[in-house]
2 protein chains.
Amino acid sequence: MKDEKIRINLKAVRQKAGLSLAQTAELTGVSKAMLHQIERGDSSPTIATLWKLAKGFHLPLTAFIEDLVQTTDTFAPAEKEPTRFRESLTFRTVFPFDPLFGSETFLHTLEPGQSHASDPHDTGVVEDVFVVAGTIEVLHDGEWKACQQGDGIRFRADQPHGYRNPGSNPAQFHNTMHYPKTNLYQASKGKNE
Amino acid sequence: MKDEKIRINLKAVRQKAGLSLAQTAELTGVSKAMLHQIERGDSSPTIATLWKLAKGFHLPLTAFIEDLVQTTDTFAPAEKEPTRFRESLTFRTVFPFDPLFGSETFLHTLEPGQSHASDPHDTGVVEDVFVVAGTIEVLHDGEWKACQQGDGIRFRADQPHGYRNPGSNPAQFHNTMHYPKTNLYQASKGKNE
DNA sequence: AAGGCTTGTCTGTTATAACAGACGATTGTA
DNA sequence: TACAATCGTCTGTTATAACAGACAAGCCTT
């Protein structure tokens, strides 16, 4: 059964923390016997107990099950689009729009001092921004939010938003646009199907 | 309790797929009564049950567990505590799974010499990899493909694949999984043995 | 050795997750 | 109106997750 991985993860986390079953029971509020059964794979814990474990170890719930989620494998390389310029920023298409997923990803580059304002998109469109290098500020809900390298921010794009680079070094950020299923249907009604 | 997320996500996923409780029971192997109790929050499902749901819907376990940001704004700061995954790589969730888009995004970190292999996932699942820093090699069709900083690769994830860092510096890469919505429907017909 | 204190394991008991099936309410069709 | 086929809800029953506590084996002190 796939549940093995849960057992392994729990044991690994516990041993990594250098805790005994009793200590773990004290820490998480899950009985010692239950911990033992989970590690042995004799019982499949409920999410409630999983949550106790996560909280006790100060780990995200996914820490115990994330490996179950790992995808894998084959690939068809994506073509690299040439860099294009708009008025105020440079961008490159990393992953082109795919109607199956309803998303597209760009890599934007902002020189120091540059800013770019984007008009509101259709309702339901969501934007993911992840700062690859440098520091940028993202405008949404009427205020500028500072985002450093490694920060990720998701927001509704059906309102005015924009980006600017307040620093002294070039900044790069990922930009993924999600177009909800409902929008796709309305947009492509009578075309695809 | 935090278990609400499970209930909400399950109901959202089910309704998104346009399935009734009976159809979902048929699809996932979880009884109709139990589905109802889970959605109502009257019972805390077992991971075994959660796994049935995930397999039935061809979705990751995180689809039911991660915060359901029904397209609300999220901010994932870079300083967020990374989740350690075994001995082979470190990652953190940048954008959690959202049933509206059917995708989730992680940020993986590979130390020099580290490698990670993944098991095949459901057909139709597509993975986007974008190298943020350093150099990695991606295993595909039995051969390792070198990917430098700024390279983006999209590939189908229904075959074994893996990542490794052959360089002498740490490497970071984005990892977005797309779970096609069509799977939800196709799975309901003819999937049962 | 003896004692005290751990470790992980194994009981018996309780709480509840999971099941099969019945039930009224609703919808569509003849 | 009557009938059939759904829907989600609500029973009673079974399976098992979760608990408290006992147990032997190992590890230090003295």
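Order of the sequence lines fixes the chain letters, A, B, ..., with proteins taken first and strands second; residue numbering starts at 1 for each chain.
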Within the pair [X] and [N], is there a side-chain N or O less than 4.0 Å away from OP1 or OP2?
X	N	result
Ser43(B)	dT16(C)	no
Arg40(B)	dC10(D)	yes
Arg14(A)	dT7(C)	no
Thr49(B)	dA18(C)	yes
His36(B)	dG8(D)	no

Is there a side-chain contact (heavy atoms from CB on, under 4.5 Å) between His36(B) and Arg40(B)? Walk through the geometry before answering. CA-CA 6 Å; His36(B) 175 242; Arg40(B) 276 203 49 179; 3.4 Å; yes
Indicate whether any N or O donor in one side chain lies under 3.5 Å from an N or O acceptor in the other, for Thr109(B) and Gln172(B). yes
Between Glu127(A) and His161(A), is any side-chain donor less than 3.5 angstrom from a side-chain acceptor? yes
In whole angstrom, give the distance that lies between atom [atom1] of [X] and atom [atom2] of [N].
X	N	atom1	atom2	result
Leu21(A)	dT7(C)	CG	C1'	8 Å
Leu50(B)	dA17(C)	CG	P	12 Å
Leu35(B)	dC7(D)	CG	C1'	14 Å
Lys11(B)	dC7(D)	NZ	P	15 Å
Met34(B)	dT16(D)	CE	C1'	12 Å
Trp51(A)	dA18(D)	CH2	P	16 Å
Asp42(A)	dT9(C)	CG	C1'	11 Å
Ile47(A)	dA17(D)	CD1	P	15 Å

Relative to each other, are the rings of Tyr163(A) and His116(A) parallel, tilted or perpendicular (30° and 60° limits)? parallel
Got a second to check how far Met34(A)'s CE is from Ser43(A)'s OG, nearest 0.5 Å? 4.0 Å
Dump the pairs, protein N or O against N or O of nucleotides 20-23 of chain D, anything under 3.5 Å, distances to one decimal.
none

Picking from dA18(D), dG8(D), dT7(C), which would you name as closest to the side chain of Gln37(A)? dA18(D)
Could you please name the option among dA18(C), dG8(D), dC10(D) that lies closest to any side-chain atom of Thr46(B)? dA18(C)
Donor-acceptor contact below 3.5 Å, side chain Thr24(A) vs main chain Ser20(A): yes
What residues form a side chain to side chain donor-acceptor pair (under 3.5 Å) with Asp128(B), not counting sequence neighbours? Arg154(B), His178(B)
